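First the structure, in the form of structure tokens, and then the observations on it.
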Amino acid sequence: NNPSINYTCGTSFLKLSNNTNAHVQNSSNTTYAYPACINSTTSPLCGIYVNSCPGSYTCLASIASDLGNNYTNAHVASCNKYQLQVCCKVNSPPETVPTIINPVNDTFVNSTTITFEINASTDADNDQLYYIIEADDNSLFTSINFYNGTLLKRANNSNQYNLSTSLSDGSYYFRLRSTDLSENTSYSETRNLTLDTIYPTNLNLLSPSNNTQNSNRTPLFTWNNITEVNFANYSIEIDDDADFSSIQFTYPRTNNLTNSTFQVTTLLNDNTKYYWKITAVDKANNRNSSTFVYTTLSTGGPGAGGGRQGGH
């Protein structure tokens, strides 16, 4: 838009000594009180260059003083009059709002280093773009808990960043936008993630007691209810190898942390030492396991003889 003279303005390209019959100076000087401004919906960039403007800039005027090409106490004229060119450009803002690929909404993570994957924005001026990420425990973003505004756009498709956040455990809202350091896009959608770095605790065997020897080949395994606010599941694994290198049975127990019993229904081999492992998992994939020993004695019935038996 057209230049104007104001006492205050967003972007000044010259300073004037008076509002009429004035000398001018570089707008970075502060001795003159009257700024000449560019009005624009985006923030213009202005500077003074010798002989010509950079390719993306437009010349508004030229300046010089009686003593030479000085930046203050100068005369002003059309662009082809003096050597010092007053040049400005109005940047186009980034054209597209970036979109969040990861983390997906309602994600649980177990590390303060969080991986963000962003679908790239574009810019009509081909300016370098950066991404701004904000996280807050309030959906209105009134007290930002995490901010990063220095994420350089590296590719025209998706960009991935591993950010150390120093956040405490809890639920957070996060959003992003892109910037060319002159203008920002509007915000992306708001998503939610929960940071949980605490392992499930208080996982103890109830029965049968560890190192039990019994002829019962379909034992009932029980353990105590764990302490975990973001419980996901239990899993039971049974093997006759202590390192669980050839797991013979796997049984999931999901959704309810009080679901802490399991009745074996497939006959275990007799005369066999079994190792059974109960693993508690939370929604952030924190895991806690305990391993116990159960030995079947000979019953002389079906499956006797100690051979391996598969299935799960």
Side-chain angles (χ1 to χ4, degrees), residues 103-114 137 165-172 192-299 301-304 306-312:
V104 298
N105 197 35
D106 294 325
T107 290
F108 287 78
V109 296
N110 59 18
S111 172
T112 55
T113 298
I114 301 173
D137 56 8
T165 64
S166 301
L167 293 172
S168 302
D169 278 19
S171 180
Y172 295 93
N192 175 259
L193 67 79
T194 299
L195 175 62
D196 179 358
T197 62
I198 300 173
Y199 286 75
T201 59
N202 197 31
L203 181 61
N204 296 303
L205 170 69
L206 296 180
S207 68
S209 59
N210 194 29
N211 292 311
T212 290
Q213 298 181 5
N214 198 296
S215 59
N216 182 5
R217 291 160 59 196
T218 57
L220 175 68
F221 294 130
T222 64
W223 57 95
N224 66 297
N225 302 333
I226 62 164
T227 302
E228 175 56 56
V229 295
N230 298 314
F231 174 79
N233 63 73
Y234 299 111
S235 66
I236 300 100
E237 296 171 309
I238 301 175
D239 198 353
D240 57 6
D241 291 314
D243 61 359
F244 289 84
S245 59
S246 58
I247 296 171
Q248 295 174 311
F249 303 95
T250 300
Y251 303 103
R253 308 290 281 169
T254 59
N255 298 328
N256 193 333
L257 62 80
T258 63
N259 199 4
S260 53
T261 65
F262 181 73
Q263 176 67 62
V264 177
T265 58
T266 302
L267 285 174
L268 302 177
N269 292 326
D270 63 2
N271 290 326
T272 304
K273 176 185 277 190
Y274 283 100
Y275 300 88
W276 70 283
K277 178 167 65 176
I278 176 68
T279 301
V281 185
D282 67 20
K283 292 178 181 178
N285 204 33
N286 297 303
R287 295 170 173 263
N288 189 11
S289 299
S290 291
T291 301
F292 310 101
V293 176
Y294 180 84
T295 302
T296 57
L297 301 178
S298 177
T299 62
R308 273 184 178 263
Q309 180 173 315
H312 56 270

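Along the sequence shown, the residues carry numbers beginning at 1. The figures that follow rest on heavy atoms only: side chains count, while hydrogens, waters and symmetry mates do not. Predicted model only: the values in this text are computed from it and were never measured.
- N288 and T279 form no side-chain donor-acceptor contact under 3.5 Å, judged by distance and modelled atom types alone.
- Residues satisfying the side chain to side chain contact (heavy atoms under 4.5 Å, CB included) criterion with S207, sequence neighbours excluded, are T222.
- Without hydrogens or angle criteria, R253 side chain to T261 main chain gives a donor-acceptor distance under 3.5 Å.
- Using a 4.5 Å cut-off on side-chain heavy atoms (C-beta onward), P252 and N233 make no contact.
- In plain terms, the two heavy atoms of E228 and I226 that are nearest each other are CB-CD1, 3.6 Å.
- Between the S235 side chain and the Y251 main chain, no donor and acceptor come within less than 3.5 Å of each other.
- A pairwise comparison of heavy atoms in R217 and L268 identifies NE-O, 2.6 Å as the closest pair.
- The two residues N285 and R287 make their nearest non-hydrogen contact at OD1-NE, 3.1 Å.
- Applying the side chain to side chain contact (heavy atoms under 4.5 Å, CB included) rule to T201 yields the partners T227; only residues at least two apart in sequence or on another chain are considered.
- For residues 205-226, the pairs satisfying ring pair (Phe, Tyr, Trp, His ring centres under 6.0 Å) are F221-W276, W223-Y234, with sequence neighbours left out.
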*Would N216 and T218 satisfy side-chain contact (heavy atoms from CB on, under 4.5 Å), going step by step from the backbone distance to the final call?*
CA-CA 6 Å; N216 182 5; T218 57; 3.4 Å; yes
*Apply the test side-chain contact (heavy atoms from CB on, under 4.5 Å) to residues I278 and F292: give CA-CA distance (whole Å), side-chain angles for both, the deciding distance (0.1 Å), then the verdict.*
CA-CA 9 Å; I278 176 68; F292 310 101; 3.8 Å; yes
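- The side chain to side chain contact (heavy atoms under 4.5 Å, CB included) test applied to N286 returns N110, D196, Y199, P200, D282, A284, not counting sequence neighbours.
- The nearest pair of heavy atoms linking L220 to P208 is O-CD, 3.4 Å.
- In this structure the side chain of F249 reaches within 4.5 angstrom of the side chain of T266, judged on heavy atoms.
- From L195, atom CG reaches atom CG of L167 across 6.5 Å, with rounding to the nearest 0.5 Å.
- Atom CZ of F231 and atom OG1 of T258 lie 8.5 Å apart (nearest 0.5 Å).
- K283 approaches A232 most closely through the heavy-atom pair N-CB, 3.8 Å.
- N211 contributes atom CG, which lies 7.0 Å from atom OG1 of T295 (distance to the nearest 0.5 angstrom).
- Looking only at side-chain heavy atoms (C-beta outward), V104 and D106 stay at 4.5 Å or farther from each other.
- Considering only residues two or more places apart in sequence or on other chains, E237 meets the salt bridge (charged side-chain N to carboxylate O under 4.0 Å, His left out) condition with K277.
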*Do I238 and I236 pass the side-chain contact (heavy atoms from CB on, under 4.5 Å) test, and can you show the C-alpha distance, the side-chain angles, and the key distance before you say yes or no?*
CA-CA 7 Å; I238 301 175; I236 300 100; 4.3 Å; yes
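- Here the CG-OH distance, from D241 to Y275, works out to 8.5 Å after rounding to the nearest 0.5 Å.
- Judged purely by distance below 3.5 Å, without hydrogens or angles, the side chains of N192 and S171 pair a donor atom with an acceptor atom.
- Interatomic distance, OG of S260 versus CG of L203, reported as 10.0 Å (0.5 Å rounding).
- Using a 3.5 Å distance cut-off with no hydrogens or angles, the side chains of T296 and D270 do not pair a donor with an acceptor.
- A donor and an acceptor atom, one from each side chain of T272 and D240, are nowhere located under 3.5 Å apart.
- Partners of S209 under the side chain to side chain contact (heavy atoms under 4.5 Å, CB included) rule, at least two apart in sequence or in another chain, are T212.
- At least one side-chain heavy atom of L193 sits under 4.5 Å from a side-chain heavy atom of I114.
- For the pair N224 (side chain) and N202 (backbone), a donor-acceptor distance under 3.5 Å is present.
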*Apply side-chain contact (heavy atoms from CB on, under 4.5 Å) to Y172 and T194, showing your working.*
CA-CA 6 Å; Y172 295 93; T194 299; over 6 Å; no
